[in-house]
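Values below: every heavy atom of this structure, side chains too, minus hydrogens, waters and symmetry copies. To find a chain, count down the sequence lines: A is the first, B the second, and so on, and within it residues start at 1.
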Amino acid sequence: MQGLLRRLLLWGPLALSLKNWVLDVAPVSGLCLRPVSRPDVVAESEWVLVQKYGVRVLGRFRRGDVVYLRSLEDPTRHWVRRLAGIEGDWVSDHGHIRKVPQGHCWLDGSSVKGVHSYADCAVPLALLEGRVSHIIWPPSRMGEVESYVPPGRVIRTADRREPAARK
Amino acid sequence: MASGIFNGLRTSLKPLLGGAVGGLQAAGFVIWFHDYVGVESMVISGPSMLPTFNQPRLAGDIVLIERFSFWLPLWLSSTPWLPESLRDGALGSGMIRGLKRGDVVLAYSPVELNKLVCKRLVAMEGDFVEVPRDHSALAGKKVLVPKGHVWLEGDCPHVSRDSREYGPVPLSLMHGRAWFQVWPPWSMGWVNNKEPPQRQ
């Protein structure tokens, strides 16, 4: 018992730090992404692999990534949402065209109506903690989560280049 | 003979491995300490907190900050196995001090990535804040601070870029609470955490 406690104290902080800064697994509950194509869509009670090193340490994220970020309402909880636009982009939000404020990013909302549905919104970029790269459970849904920007979501990117696909 | 070489390698590598393992464990502890206890010194720059900090040189005051008084109550309040009476106290009114109105906090800026700002926490979730008429975006409005957010304002309203411009700041962006000033030597002492005059 004492040996176990000692081991916990010696390895616990390292394990926790790796979990926070390098790689993490997380359950997804209550949030569904806009259904695009499997295995992109991450559903309730699935477990995902979150890569934190790229986002927290290197600061790399792209439009279309599924990101893992601290919740706006509760700092102890996290959201799994798709990053649609970054600061300076013009995005379409249910027919309105909005500019993503400086220092913020645009997250796609949930497509599932009900208790846990969230609208599209802009959140500060500093809340981003990781990128969801794979679904690891259940086995039937294992696979890579693709980075995908829904067509027509980003009207104009911040650096003034014309987006590739135009209707 | 092969096993002899292997054993020889093992005995010579053992102290090296032991050192590496110890180093990893120590690194893990250092990172954990930085993330969850977070007692460190920070340099305040900019005039937004005059006259509390940086008077009159406009830069260079050093304060000690800490993070545990913010994280511990949050974590305690979210654990289901803690008895109800302890949980209420954990949120800052009882045993463990959380973030209070009047605290000087460091937070990540919502408008500039990777930038830390130092402001005073003026209002918490559920409070109504009356924004003074002369400031730009939210001028004259009464803003309700939503759940999980706080209202930050610099002590020098004329030059401070704060919640009056970018709205309530989510608690998730908080980086620490300033509790003691160490530089310059003539300003050394506890950071003034007095609650500002009511504007709610």
Side-chain angles (χ1 to χ4, degrees), chain A residues 6-24 52-53 55-61 67-79 81 83 85-89 99-107 118-119 121-130 158, chain B residues 18 20-37 67 70-80 90-91 98-99 106-117 125-126 137 145-150 152 161 163 165-175:
Chain A
R6 185 168 167 272
R7 250 188 231 162
L8 202 71
L9 283 173
L10 282 178
W11 292 106
L14 180 66
L16 187 60
S17 301
L18 287 175
K19 177 182 181 296
N20 284 336
W21 291 94
V22 181
L23 207 63
D24 193 8
K52 297 208 171 160
Y53 185 75
V55 175
R56 283 193 92 172
V57 180
L58 302 175
R60 286 209 218 120
F61 46 85
V67 291
Y68 182 79
L69 64 150
R70 286 237 189 99
S71 157
L72 274 182
E73 288 153 13
D74 189 354
T76 55
R77 302 183 77 93
H78 296 90
W79 282 348
R81 308 269 289 271
L83 189 75
I86 58 181
E87 60 180 346
D89 290 351
K99 183 169 187 194
V100 181
Q102 197 194 5
H104 285 64
C105 59
W106 190 261
L107 298 180
Y118 293 85
C121 64
V123 297
L125 277 167
L127 288 177
L128 293 184
E129 281 205 344
Chain B
V21 161
L24 279 175
Q25 291 170 345
F29 185 76
V30 167
I31 297 174
W32 173 85
F33 187 85
H34 171 268
D35 285 347
Y36 290 97
V37 178
R67 276 190 260 289
F70 165 61
W71 276 114
L72 193 54
L74 270 181
W75 177 71
L76 283 173
S77 69
S78 68
T79 50
L91 278 173
L99 283 183
L106 263 82
Y108 281 104
S109 167
V111 291
E112 211 175 313
L113 190 58
N114 293 330
K115 180 159 177 230
L116 277 172
V117 294
E125 69 184 35
V145 180
K147 181 172 185 290
H149 289 65
V150 292
L152 301 179
R161 212 182 156 197
S163 282
E165 186 180 319
Y166 44 70
V169 176
L171 270 173
S172 310
L173 289 179
M174 292 295 121
H175 189 66

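Across all their heavy atoms, B/Ser163 and B/Val150 have their closest contact at OG-O, 4.2 Å.
Considering only heavy atoms from C-beta on, A/Val55 stays 4.5 Å or farther from A/Val67 through its side chain.
Only the side chain of B/Tyr36 comes within less than 4.5 Å of a heavy atom of chain A; its backbone N, CA, C and O stay farther away. For chain A, the nearby part of B/Tyr108 is the side chain; its heavy atoms alone come within less than 4.5 Å. Residue B/Glu112 touches chain A through its backbone alone, counting heavy-atom pairs closer than 4.5 Å. The contact between A/Leu16 and chain B is made entirely by side chain atoms (from C-beta outward), counting heavy-atom distances below 4.5 Å.
Among A/Leu127, A/Val123, A/Leu69, A/Leu128, the residue with the largest count of heavy-atom pairs under 4.5 Å with chain B is A/Leu127. Here B/Leu113 is the residue among B/Asn114, B/Val21, B/Val30, B/Leu113 with the most heavy-atom pairs under 4.5 Å with chain A. For the options B/Gly148, B/Ser109, B/Pro110, heavy-atom pairs under 4.5 Å to chain A are most numerous at B/Pro110.
Put simply, the side chain of B/His34 never gets that close to the backbone of B/Trp32: no donor and acceptor are under 3.5 Å apart. A donor-acceptor pair under 3.5 Å is formed between the side chain of A/Glu87 and the backbone N or O of A/Gly103. When atom types are taken as modelled, the side chain of A/Asp89 and the backbone of A/Ile86 share a donor-acceptor pair closer than 3.5 angstrom.
Expressed to the nearest 0.5 Å, how far CD of B/Glu125 lies from CD of A/Glu73 amounts to 10.0 Å.
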